[in-house]
Amino acid sequence: MSDIPRRAVVRTARLATLPIGYAGRATLGVGRRLGGRPAEAVATEVQRRTAEQVFRVLGELKGGAMKLGQALSVFEAALPDEVAGPYRAALTKLQEAAPPLPAATIHKVLAAELGPDWRALFRSFDDSPAAAASIGQVHRAVWSDGRSVAVKVQYPGAGPALLSDLTQLGRVARLFGVLAPGLDVKPLIEELRARVAEELDYRLEARWQQAFAEAYRGDPDIVIPWPVAAADHVLVSEWLDGTPLADVIAQGEQDRRDRAGAMLCRFLWSGPARAGLLHADPHPGNFRLLADGRLGVLDFGAVKQLPDGMPEVIGRLTRLALAAHHGAATSPDAAGSVVEADAPAGDEGAAEDKATAAVLDGLRREGFIPANATIDAHEFLASLGPLLDALTEEEFTFSRAWLREQALRLADWRSPAAQVSRQLNLPASYLLIHRVTMSGIGLLCQLEATAGLRAEMERWQPGFAPPGSTAARHAARANRPGRKLPLAVAGTRADAEAPEPGPLLFSPPQPRRAPRTAKAPRQREPEPPETSRGLDT
């Protein structure tokens, strides 16, 4: 395989095999049911074969096809147990490996991006790829100063392939409902397409990575590899040893699962406050668990700028919905103490109703509920109930069974939850935030981790912690507009000036200065007597 398949007709023909293959398997399934095989067994076999074909094709094509597969991978935990095994195996291959490009092709890219003498920048370079990303593959090398580095090389033709894939996949989006019930894939594909320019710009990605690395430098829980050099289609950064999160998911001990889950929550919700940026591509291939327990984070191609931190309205409305949900599930006295509303004495449901109405009003103002939609407050609260379980307890055990239950509930068009969700709208400004939240929860369920998501949200999401609490003050201060951020990053390539020729080189991170200790004030020497200055003769 000398190059990523670039011709649109070739890629379209390959992707067209997906719905055709599914239709054939479905027809065969009908015949087998007529022949006496149980319907559930036939459906399971159809789903298993569909998963294998989908992710084989997506992995071989790389580009946007592979990127969609990675985005879908976090929903693997929602599948039935009898299907999850083969599906998980296909996803692991997709996340950590793909058919590699030959060394000659990689050398041509390096020469074009880093210069004909690119080998002088390295003490050594391994031609065999160490891993595959959605639009590039990673090689291990040693930089000229002795640092071990990862060299990410973008596949030739990745840009046109990305656009071609996402256009074609948008036409068959309904097929993916077989793999992830309750998931509307079309908005996900549209959002991926909208961010193509940033994904392909490795110079910009290096800047994002530098900002995150600076924000978390010296952190006891999170580590970000420092960028070393970047060109349009090549990114060099410090090498990060660790266990891929996919391996922790597959065979990790429970304490490692819990540790990875806790650090994942901390990173995803603290990024906007600490770096002014949201890591918008949380899937297993982008995380490593280091030997010392820290979480390593990779790949910063998909990032959302949030210089003012996470929107306060998200935290406030979630807090009100959680309070109403809790009030509905407890005694009237407890409900009155939880919900922030002045309910008349003796009115058991007034506080809950007022909080729920406040949530609906807020969602209308933010554009989540269209002006012409009529949503029953009690049905809305009931539809949110199970999804708020993870925030009800100090520590929640995320599981595949729990996520599967939520997926089936949303997939059943007759359920109140599905009927309410069909009337809701997701504003464009919240799309990536929503994707990160749902993907993060999907990862926690894959890990089967017990984690304190509530505490992390209280600490980092403004508006969520009880007003006036220590956590509320910390979140407001950490996300305050105008705060000092580690790095001011320009916009996409279209917004920036043309890059200077040659690779962009980054200086190694400077050691942080130790905090200065206050010195005792210096004692001034006493003035000499006037006689010594010859004034008294």
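Predicted, not measured: the structure shown is a model, and the values here were computed from it.
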| Short side-chain to backbone donor-acceptor contact, Arg400 and Gln446, under 3.5 Å | yes
| said: For Glu205, is there an ion pair with Lys152 - N to carboxylate O distance below 4.0 angstrom? | reply: yes
| task | Determine, step by step, whether Trp269 and Leu278 satisfy the side chain to side chain contact (heavy atoms under 4.5 Å, CB included) criterion, reporting the C-alpha distance in whole Å, the side-chain angles of both residues, the deciding distance to 0.1 Å, and the verdict. | result | CA-CA 8 Å; Trp269 269 270; Leu278 178 69; over 6 Å; no
| query | How far does CD of Gln137 sit from OH of Tyr155, to the nearest 0.5 angstrom? | reply | 5.0 Å
| Between His474 and Trp460, how do the two ring planes meet: parallel, tilted or perpendicular, split at 30° and 60°? | perpendicular
| Is any side-chain N of the basic residue among Glu456 and Arg266 closer than 4.0 Å to the acidic one's carboxylate O? | yes
| query | So does Asp241 pair up with Arg288, basic N to acidic O under 4.0 Å? | reply | no
| request: Test Tyr216 against Leu295 for side chain to side chain contact (heavy atoms under 4.5 Å, CB included), laying out the working first. | output: CA-CA 11 Å; Tyr216 288 91; Leu295 182 72; over 6 Å; no
| Approximate separation, where rounding is to 0.5 Å, of Arg319 CZ and Leu322 CG | 10.0 Å
| request: Find the distance between CD (Glu448) and CZ (Arg257) and round it off to the nearest 0.5 Å. | output: 6.5 Å
| field | Backbone N/O of Asp299 and side chain of Gln209: donor-acceptor pair under 3.5 Å | value | no
| remark: For Leu245 and Ala260, the nearest pair of non-hydrogen atoms, with its separation, is CD1-CB, 3.9 Å
| field | Arg454/Thr392 under side-chain hydrogen bond (donor to acceptor under 3.5 Å, both in side chains): CA gap, chis, key distance, verdict | value | CA-CA 8 Å; Arg454 177 175 176 171; Thr392 301; over 6 Å; no
| task | Consider only side-chain N and O atoms of Gln254 and Asp258, and report whether a donor and an acceptor are under 3.5 Å apart. | result | yes
| task | Would you check if the side chain of Asn286 reaches a backbone N or O of Pro282 as a donor-acceptor pair within less than 3.5 Å? | result | no
| said: Please find the pair of heavy atoms, one from Asn479 and one from Pro462, that lie closest to each other, and give the distance. | reply: ND2-CD, 3.5 Å
| note | Thr397 meets the side chain to side chain donor-acceptor pair (under 3.5 Å) criterion, sequence neighbours left out, with Thr450
| Quick one: CZ on Phe287 to OG1 on Thr243, what's the gap to the nearest 0.5 Å? | 15.0 Å
| field | Aromatic ring proximity, centroids under 6.0 angstrom, His279 and Trp208 | value | no
| query | So Phe396 and Phe398, would you call those rings parallel, tilted or perpendicular, with 30° and 60° as cut-offs? | reply | perpendicular
| query | Is Thr318 reaching over with its side chain to a backbone N or O of Ile314, donor-acceptor style, under 3.5 angstrom? | reply | yes
| request: Flag the pair Asp219 and Arg274 as a salt bridge only when some basic side-chain nitrogen lies within less than 4.0 angstrom of an acidic carboxylate oxygen. | output: yes
| Would you call Arg259-Asp221 a salt bridge at under 4.0 Å N-O? | yes
| Is any side-chain heavy atom of Pro284 less than 4.5 Å from a side-chain heavy atom of Ile249? | yes
